[in-house]
Amino acid sequence: MTPEQARSIIAVCLMAAFADGAQDGSEREHVRKVAESLGRDAEIDFIALYQDVLLGRLGLEAVVAALDSAALRQLAFELAVGVCEADGSRNPQEAAFLERLAALLGLERGAAGRFVDEAEALAQAPVTDVPVIEAPVTETEGAAPAPASAAIDRGELERMILNASILNGALELLPQSMASMAIIPLQIRLVYRIGKAHGYELDRGHIKDFLATTGVGMTGQYVEQLGRKLVGGLLGKAFGKLGRAIGSQATGSAFSFATTYAIGQVALHYYGEGRRLDAAGLKAMFARLFEQARGLQANYAGEIEQRARTLDLGKLTAELRA
């Protein structure tokens, strides 16, 4: 994959991020910071590309013209679908954008529609059951609810956070775009489980608000995951190959491990302290824990890679959608 082709794919994804017309200022700022950060690590001027897309200086037809193979066009479409579904659903504007994109890319309509439906089902995965996150909190069936302080096994929750972080780091080592799409639903389930352990029954809306308050915008996070994957070279190495294509510990894997770990630890503190931390405190804590987790990730690089080699992605996504 050439830098020009990578630039086109990122441009398509930025267009998808702004297709709904509903991105608030904080989300746009997150995406801008992502572009600025990625620009320091790659041959592409991401911040200039971001500005061109935001100001409408690029046309979708011109962008997709650089994607000169069927595999690249399919990849661009799948990643754009992931961006549109990152916040949990697509609205009519996003649906219209994806339909136009599929037509410009020359994709078969039925196959494109099936992929969109599969991604939508994953994005809307229920939060109330967590079969794919290891080391769940033990609950006693039929027993009267115990006070939260007595019922919580913090060590078990710490293990669950670490397992979820390893799993999400492993997902980013897989070349399939659906692997990256599974990360946010898994993070949502992690927060749900931590809240439930502390006596809080959380719904999807609350968890999305919690993540946004910490500074983890869903659309921005997915764009960053994608960008890290491109910068790390994993998509380039995997391009044209089937199955798993694990090379080095890609930057995207380290990012997803650290993000998931920080989310889990912030949730553990927030719900454990009775939700008393304000928005500024949540953001500061997330930033600090994210940096700590980036250093911690190196200790688990081998486990992450081994998990990636044994992951059954089809089974995992099916469990998420169940």
Side-chain angles (χ1 to χ4, degrees), residues 1-21 23 28 31-32 34-86 90-119 175-181 219-220 222-242 245 252:
M1 187 184 301
T2 68
E4 182 59 27
Q5 289 167 337
R7 184 180 185 277
S8 293
I9 289 175
I10 290 290
V12 168
C13 291
L14 289 173
M15 290 176 177
F18 300 132
D20 63 359
Q23 293 298 321
R28 286 197 301 272
V31 176
R32 186 196 67 78
V34 168
E36 187 174 19
S37 173
L38 293 173
R40 292 193 294 266
D41 301 327
E43 301 175 44
I44 305 166
D45 188 347
F46 281 94
I47 193 63
L49 182 60
Y50 167 87
Q51 291 170 345
D52 286 344
V53 170
L54 188 63
L55 297 175
R57 294 194 291 245
L58 280 177
L60 187 57
E61 294 87 347
V63 168
V64 301
L67 304 175
D68 56 3
S69 73
L72 276 175
R73 291 192 290 271
Q74 181 67 34
L75 175 62
F77 180 74
E78 291 182 4
L79 296 178
V81 171
V83 172
C84 289
E85 299 287 359
R90 67 186 187 279
N91 65 17
Q93 294 98 318
E94 290 170 322
F97 171 82
L98 291 175
E99 186 172 350
R100 180 179 172 225
L101 176 62
L104 288 172
L105 292 169
L107 302 182
E108 195 274 314
R109 186 168 183 171
R114 286 190 293 275
F115 184 85
V116 170
D117 290 343
E118 186 178 357
Q176 298 95 325
S177 56
M178 198 61 71
S180 293
M181 292 183 204
T219 303
Y222 186 81
V223 172
E224 185 155 9
Q225 288 168 190
L226 160 65
R228 296 292 174 197
K229 240 178 175 179
L230 284 167
V231 170
L234 181 64
L235 288 178
K237 293 172 185 175
F239 172 58
K241 297 179 182 178
L242 298 175

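Residue numbers start at 1 and run along the sequence shown. These numbers were taken from a predicted model, which means no experiment stands behind them. Because only heavy atoms are used, hydrogens play no part in the values below, and waters and symmetry mates are left out as well, while side chains stay in.
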Does the S8 side chain pair with the main chain of E4, one donor and one acceptor, at a distance under 3.5 Å?
-> yes
Atom pair CD (E99) and CD (E94), whose distance is rounded to the nearest 0.5 Å | 14.0 Å
Would you sort out whether V12 and L79 count as a side-chain contact (heavy atoms from CB on, under 4.5 Å), showing the intermediate values?
-> CA-CA 9 Å; V12 168; L79 296 178; over 6 Å; no
Name all residues meeting the salt bridge (charged side-chain N to carboxylate O under 4.0 Å, His left out) criterion together with D68; count only those two or more places apart in sequence or in a different chain, and write none if there are none.
-> none
Rounded distance (nearest 0.5 Å) linking atom CD of E118 with atom CE of M178 | 4.0 Å
Is the count of non-hydrogen atoms from other residues, nucleotides or ligands lying under 6.0 Å from R109 atom CZ greater than 12?
-> no
Check: R100 and E61 side chains under 4.5 Å, non-hydrogen atoms | yes
Tell me, with the steps shown, if V116 and F77 meet side-chain contact (heavy atoms from CB on, under 4.5 Å).
-> CA-CA 10 Å; V116 170; F77 180 74; 3.8 Å; yes
Would you give the length of the straight line joining atom CD of Q5 to atom CG of L72, rounded to the nearest 0.5 angstrom?
-> 5.0 Å
Looking only at heavy atoms, the pair that brings A80 and C13 closest together is N-SG, 4.1 Å
Measure from the side-chain N and O atoms of E108 to the backbone N and O of G110, and report whether any donor-acceptor pair falls under 3.5 Å.
-> yes
Classify the angle between the aromatic ring planes of F18 and Y50 as parallel (below 30°), tilted (30 to 60°) or perpendicular (above 60°).
-> perpendicular
Are any non-hydrogen side-chain atoms of L49 and I10 less than 4.5 angstrom apart?
-> yes
Considering residues at least two apart in sequence or located in another chain, which fulfil the side-chain contact (heavy atoms from CB on, under 4.5 Å) criterion with Q93?
-> N91
Exercise: identify the closest heavy-atom pair between V53 and A11 = CG2-O, 4.1 Å
Interatomic distance, CG@L101 vs CG@L107, rounded to 0.5 Å, equals 7.0 Å
In Å, rounded to the nearest 0.5 Å, how long is the span from CZ of F115 to CD of E78?
-> 4.0 Å
Any side-chain heavy atom of M15 within less than 4.5 Å of one from L58?
-> yes
